[in-house]
There are 2 protein chains.
Amino acid sequence: MESLSPTAYVILGMVHKEPRSGYEIKSIVDNTTRFFWAASYGQIYPELKRLSEAGLVVGADAPTGGRRRTVYEITADGEEELVAWLRQPPVTFEMREEGLLKLFFADALPREEVPGILRAMREHRLAANEKLRAMEPMAQEKDDPFPLLVLRGGLEFTEWFADWCERMEAQILAAAAKPPPPRKGAADV
Amino acid sequence: MESLSPTAYVILGMVHKEPRSGYEIKSIVDNTTRFFWAASYGQIYPELKRLSEAGLVVGADAPTGGRRRTVYEITADGEEELVAWLRQPPVTFEMREEGLLKLFFADALPREEVPGILRAMREHRLAANEKLRAMEPMAQEKDDPFPLLVLRGGLEFTEWFADWCERMEAQILAAAAKPPPPRKGAADV
DNA sequence: TAGAGATATATCGATCCGATATATCTACGC
DNA sequence: GCGTAGATATATCGGATCGATATATCTCTA
């Protein structure tokens with residue numbers, strides 16, 4: 001059998017404790033893992049079928065009234081697959097951060113506008129921090145301590161990042177205030 | 001005109017200071033922005049054509065011997081477009097982190113195996129830190145200070161993250177050592 | 001009882017990613 | 001001079017992913 005896509009493991013993890021429908025999985029992902037691992041309907045529904053064919057989950061009809069609905073439960077094989085994956089060292093680490101990209105190209109901007117990038121980045125991170133903070137009570141209710149651990153990691157991370165932006169802004173302002181360092185033309189083309 | 005994809009701005013930024021070929025752009029991206037904004041050939045070459053048609057860059061034949069080669073230079077319109085984008089607050093912030101995903105589902109693992117996840121995450125971050133550190137001399141040579149600023153942000157981030165992993169590992173070990181907290185069955189199904 | 005919003009599944013186009021095919025160049029060993 | 005390994009250069013493909021939306025049924029509320 002070909003190896004599973006990482007998204008497959010999100011699904012296995014999501015149905016590990018209780019059977020869930022594709023819709024439920026999507027809702028939970030959007031409220032939890034999406035900050036470090038997202039999944040769309042276009043991945044979830046086909047993946048559930050594949051996992052079902054591979055015998056790692058089993059679907060059961062569970063209609064709500066006349067609306068068809070399938071809840072998927074993990075199998076012993078699926079459980080084994082999930083645990084084996086959890087034991088492997090992590091591989092994927094990716095980031096797409098428009099703020100850092102802008103900062104990287106900031107030399108194309110007049111120097112006095114650069115602190116604005118860092119200020120915007122900082123505000124962006126603080127807004128994210130508030131969103132995460134609003135989710136904390138929900139995570140605290142759960143018996144499983146790990147989602148809360150991860151959430152608090154997210155909180156700490158956004159705070160660290162916001163602080164870094166503040167420090168870099170101060171550093172740039174300080175450098176601009178004191179000695180106008182000898183630089184060859186740029187940003188003033 | 002429809003708005004440009006974020007990848008288009010990477011390209012505009014990359015050709016902002018000097019004309020470059022698609023191949024050069026790819027190499028530079030792989031050595032710099034890829035940690036927070038990647039781009040593949042499959043994006044770069046078609047995008048260069050689109051930007052050229054939109055008049056934001058101009059291509060010029062610059063063959064090396066009998067091997068055809070096109071270098072692209074930014075136009076006044078392209079410059080304007082780039083600067084206007086730099087002035088907008090950042091929107092995209094995405095992460096795909098397999099380690100956090102595993103930690104999130106760690107309840108499916110026997111408790112004594114959880115520290116191993118954090119240890120592996122920490123090692124992963126430290127390895128990334130070393131890769132970044134190896135790039136520092138190159139960034140220091142440049143006249144443009146912002147790539148170095150961003151790189152040092154990456155160094156600090158990987159260090160913060162590695163430290164967080166260490167602290168969380170210690171926390172879990174401490175919690176396991178002292179009071180076996182009353183938990184309903186899980187991880188032992 | 002009409003309508004808004006949640007539940008549920010499915011799918012589409014655009015984007016993105018990794019890998020590879022093709023071709024030409026340079027550098028090096030022999 | 002010859003072969004070849006690796007860099008340069010462009011192009012493209014399949015698969016994964018993303019965001020949005022179509023369709024249908026349910027529940028809740030004004």
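Numbered from 1 within each chain, the chains take letters A, B, ... in sequence-line order.
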Report summary line: note: Tyr9(A), atom OH; dA16(D), atom P; distance rounded to Å ~ 13 Å
Report task. To the nearest Å, give me how far apart OH (Tyr23(B)) and C1' (dT26(C)) are. Result -> 12 Å
Query raised in the report: For the pair made of CZ in Arg20(A) and P in dT9(C), what is the distance, rounded to whole Å?
Result: 14 Å
Query raised in the report: For nucleotides 10-20 of chain C, read 5' to 3', which letter fits each nucleotide if B means a protein heavy atom sits under 4.0 Å from the base, S means only the sugar-phosphate is that close, and - means neither?
Result: BB----SBB-B
**Report entry** Ser21(B) side chain near dT10(D) phosphate (N/O to OP1/OP2, under 4.0 Å)
**Finding:** yes
Query raised in the report: Going through the checks in order, is the salt bridge (Lys or Arg N to Asp or Glu O under 4.0 Å) test met by Arg50(B) and Glu47(B)?
Result: CA-CA 5 Å; Arg50(B) 249 173 280 144; Glu47(B) 193 63 56; 2.8 Å; yes
Query raised in the report: If you draw the axis of the six-membered ring of Phe93(B), does the NZ or CZ of Arg125(A) fall within 45° of it and under 6.0 Å from the ring centre?
Result: yes
Query raised in the report: Which whole-number value in Å describes the distance from Ile25(B) CD1 to dT10(D) C1'?
Result: 12 Å
Requested in this report: Establish, with yes or no, whether the OP1 or OP2 oxygen of dA9(D) is under 4.0 angstrom from a side-chain nitrogen or oxygen of Arg69(B).
Outcome: yes
Query raised in the report: Between Val114(B) and Glu169(B), is any pair of side-chain heavy atoms under 4.5 Å apart?
Result: no
Query raised in the report: Nearest to the side chain of Arg67(B) - dA23(C), dT9(C), dT10(D)?
Result: dA23(C)
Query raised in the report: With the threshold set at 4.0 Å, does a side-chain nitrogen-carboxylate oxygen contact exist between Lys102(A) and Glu98(A)?
Result: yes
Requested in this report: May I ask you to say whether Asp144(A) pairs ionically with Lys17(A), meaning some side-chain N is under 4.0 Å from a carboxylate O?
Outcome: yes
Report summary line: Tightest non-hydrogen contact, residues Leu48(A) and Ile25(A), listed as CD2-CD1, 4.1 Å
